[in-house]
Structure formats: structure tokens, C-alpha cells
Amino acid sequence: MLEIKNLTKKYSGKTALENVSLSFPKGEIVGLFGENGAGKTTLMKSILGFIKYEGEITLDGEKITNKNISKISFATSEHSFFPDLNAKGHKEFYKSHFSSFSEKRFDALMEFFSLDKNKKIRSFSTGQKNQFEVILALSQGAEYILMDEPFAGNDIFNREDFYKVLSGILDENETVILSTHLIEEVSDFIGRAILIHGGNIIGDKNTLELDDEGSNLVEYIKATYNYHEDRVSKAIDILSGREE
Amino acid sequence: MTKRIRKIIPVGIKAETEIWIFACAIAVGLCRALLFFQAYSREYNRLFHIEYGKRVLIEGRTMADFYVVLKGTFNGFIVAIFIFICLIILHYGYHYKDSKSIYTMKRLPDRYELHKRCFTVPLIGIVVSIILITALLLLFYNYYMIKTPADCLFPNQWERLWTAILYGG
């Protein structure tokens, strides 16, 4: 279980996360939604220990240190691979550092996406780079897979393929925490939605609960964000001078 | 050898590139240091004049102090050490270039892996430079003491060297 208690992060006085408390049991696929600057990336970076924070983050009851960090993997749109290394080199590097690295999954995903193992990652297209980034995160053998906007730059076909593969290959112990703006696309794929706004958790709902309520993810997010359906038409009316 | 070097340099950097930088930095230090012999010969030749085609010691002429002859000899190694310090910065910077591979390095179970890959080669370079400076200093000192005619030597050259280093020549 990944537990976050009273997490607060401030950047030079400005609050990025405020008193956030969350827990992630094993085997969940969680969508993390929020506007740009809402605090999604800060939350992930705090979990990984990349930034200092106030509060407590534990993994299976222990603080996250080098001893248990390999239980968490990370895929980011900023990319964390080595551009001048080819896929084979990455495989060797990951194998030597992560004892539970899944060579089988790595090879299968590389083949599925038809990525060249001998080409430097630098020479891949943006979409291929994203695919490779996610392949590494999924093959590390981690229990918690954090993904921060992993599909930025991928076309719809790529992304859909990916959701299908992801749903098919995950073990019951693997948890995916996926930060994305592509709400509609991931709605059938995630089991829980967490909404962040201005550094605060404003919603946390299981998708089964939404089904029971006869609602869906998009409606839930719009309602939680207090989204007004008529705001676009109103704006057009004002701009075009139609409103008196 | 390149396989071994690849384990102590940032992931993706060519071992050949690191070897080349290392060799160039040390070569700069060595080449400049070897100019000591040129400086020595210039001072040494001032002790003599030619009489009937023969080199004869000029009476009362003294050899320039060792520290004077040595001046600037190790500047090349200072440049080399500066290059190695820059290399540490470049190694860290490499992990932010074209991707954030720093995230992967910071997530490794071996918490020293990043620093090992950024520091090892430059530190070896700095240590080799210091060892070479020490060895060459001893070599040059002995050369100076043996080759210079005893009558032309000021006493306490070693002490004079350290006085010059510590308090300025």
C-alpha cells in the first residue's frame, strides 16, 4: 500500500500541494486529473523523492528510500531514458539495477510497438520515445507504476493500442497511477479517479461507484469542477456582441 | 577496457570520448611540464662562455634557483585539473540534456550510482595529475641538483622552493 499523509509542498512560498492525504492499494489503475499546475507532477515527484516536502509518504509502511524505491517506476513526458543509448543498452542497464526487471515483458512490448532495439532512442519519433518510456516503466518489475502524461505527442491509434496492451499485461499486484488530460480516452480503462485542483484533492471516486450512480467519469469531473455547459456559448455571444 | 570504462561514466556517453578527453588533459599537463628542460638549459647555458671553442664556467656566476626554473612548469596540469572539474559538471549536466535521465539515476536502488558515474573518471584524472606533478617535481629537482655544477648552486634549494610556494617567490 502506498500511503500519503498530509503532504504539503510549497515552491518559494507558493503552495503546490496542500495537506494531501491519499492511499493506493495494490492492483488499482488510478487516473489523476487536474488542470496544468494543479499539482499532479508535484505529487508524483514527491512520491519518488525527487523533491523535498512536508508530510509523510510510505510504501508498505516504510519510508521510501533506496531500499524500496525499485518497487516504484516512473514514465514521464519529459522522458527519463538515455537518448544516446539504444534499447538493448537500456535493457542491460535496467537488468543490472532492478532485480525484478522483466526481460520477457520488455521484449514483448518492443516487438508489439515494432521499436528498433539497435537504434539510439534519440532517433525515435516523439511517439516512439513515449512508447519506449512507458515500456521501461512497465518492465522494471515495479509494484507501483507512475505515469505522468505519458502519451503527449502520440496519435490516437497509438494510445488506444497502448490502453489495450496495458489492461492485458498488468498483474493483479501492479498499480498504475496515470496522470493525463485525456479523460474520455482512459475512462474505460481506469478504476478510480482522483481530481486535483490548486494543490487540493477535490474528488476521489471509484468508477464502479459512478456506474452505480448512473454517472460516468466525464460527468463526474465536470460536476466536481463546477463546469458550466453554457460557458462557451456565453463567451461567443459576448465576443460577437449578440448579448445585450 | 572500454566495457569497464562504460560502467564508470554516464550511461550513453562513449568510452572513447572519455578516454580522449582524459588523454588530452594529461598530455597538455605533460607537454607543458617537459618544457622545464628547455628552461633549465637556458639558465644552465648562462653559466658558461666559450673560450677557444670550449665551454668554460664563468667564475662567480650562480645558477638560477630551482623554483625560478620551475616557474609555470605545472600550469598544464592546472589546466588539466580544471578540465577534470569541468568534466564533473558536464557529467551531471548530461543527465538533463535531451531528456531527464536524472530521474532514472535518482530512482536507482544503488544511491551512489549517479555520483560514481559523474565523479570517477574526473577524480582519477585529478589524482593522476597530482601524482604526475609530484613525480615530475622530484625528477626535475634531482636533475637540477645533479646536472648543475656544485659551485654554481645556492644552498637549500628545496627549502627555497617551498618558501617560494608558500610565501611567494
Side-chain angles (χ1 to χ4, degrees), chain A residues 41 44-52 59 64-101 120-124 126 129-130 132-133 136-137 139-142 144-148, chain B residues 1-26 83-126:
Chain A
T41 303
M44 290 194 174
K45 287 184 178 173
S46 302
I47 295 171
L48 290 157
F50 292 165
I51 50 175
K52 286 184 179 168
L59 182 60
I64 298 169
T65 63
N66 292 78
K67 284 180 186 165
N68 58 1
I69 190 82
S70 58
K71 288 183 183 175
I72 306 174
S73 66
F74 184 46
T76 165
S77 54
E78 289 181 279
H79 299 147
S80 59
F81 50 68
F82 304 97
D84 292 316
L85 198 66
N86 60 21
K88 269 186 183 168
H90 278 86
K91 186 166 112 176
E92 290 311 311
F93 181 77
Y94 268 66
K95 262 168 71 179
S96 66
H97 287 281
F98 298 103
S99 54
S100 0
F101 179 78
K120 283 184 181 179
I121 311 305
R122 170 186 301 287
S123 63
F124 283 4
T126 306
K129 283 177 182 169
N130 290 341
F132 186 69
E133 176 80 11
L136 284 175
S139 309
Q140 188 189 300
Y144 289 86
I145 301 159
L146 310 188
M147 295 189 188
D148 188 15
Chain B
M1 180 164 167
T2 50
K3 212 171 182 183
R4 253 191 231 168
I5 292 171
R6 247 180 261 137
K7 286 185 178 172
I8 53 166
I9 59 175
V11 182
I13 287 186
K14 281 185 179 169
E16 292 81 359
T17 310
E18 288 282 310
I19 293 169
W20 190 82
I21 293 171
F22 189 95
C24 282
I26 297 295
I83 290 171
F84 290 126
I85 291 168
C86 289
L87 196 57
I88 296 172
I89 298 163
L90 284 174
H91 281 171
Y92 277 102
Y94 171 81
H95 294 95
Y96 295 87
K97 196 172 157 262
D98 301 327
S99 82
K100 289 277 186 75
S101 54
I102 189 75
Y103 291 155
T104 300
M105 296 307 291
K106 282 185 173 178
R107 287 195 303 108
L108 296 176
D110 180 358
R111 70 160 96 167
Y112 301 111
E113 185 71 16
L114 170 68
H115 309 302
K116 184 183 92 183
R117 287 178 180 268
C118 292
F119 269 101
T120 307
V121 170
L123 270 187
I124 291 172
I126 290 168

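Hydrogens, waters and symmetry mates are skipped; everything else that's a heavy atom, side chains included, is used. Everything numeric in this text was worked out from a predicted model, so none of it was measured.
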Spacing of Glu133(A) atom CD and Glu78(A) atom CD [to the nearest 0.5 Å]: 9.5 Å
Reported CD1-to-SG distance for the pair Ile8(B) and Cys118(B), which is rounded to 0.5 angstrom: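 Between atom CD1 of Ile8(B) and atom SG of Cys118(B) there are 12.0 Å.
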Checking heavy atoms, do the side chain of [X], its backbone, both or neither come under 4.5 Å from chain B?
X: Thr76(A); value: side chain
X: Gln140(A); value: side chain
X: Lys129(A); value: neither
X: Leu136(A); value: neither
X: Phe74(A); value: both

Parallel, tilted or perpendicular: ring planes of His90(A) versus Phe81(A), cut at 30 and 60 degrees: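 Perpendicular, since the angle between the ring planes exceeds 60°.
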Measure from the side-chain N and O atoms of [X] to the backbone N and O of [Y], and report whether any donor-acceptor pair falls under 3.5 Å.
X: Ser70(A); Y: Phe98(A); result: no
X: Arg117(B); Y: Arg6(B); result: yes
X: Asp84(A); Y: Lys120(A); result: no

Presence of salt bridge, Glu92(A) and Lys3(B), under 4.0 angstrom: no
Residue-level interface, residues 92-103 of chain B with chain A, non-hydrogen cut-off under 4.5 Å: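 At a heavy-atom separation under 4.5 Å, chain A is reached by Tyr94(B), His95(B), Lys97(B), Asp98(B), Ser99(B), Lys100(B), Ser101(B), Tyr103(B).
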Whether over 12 other heavy atoms sit under 6.0 Å from Lys116(B) NZ: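 Buried by this count: over 12 neighbours within 6.0 Å.
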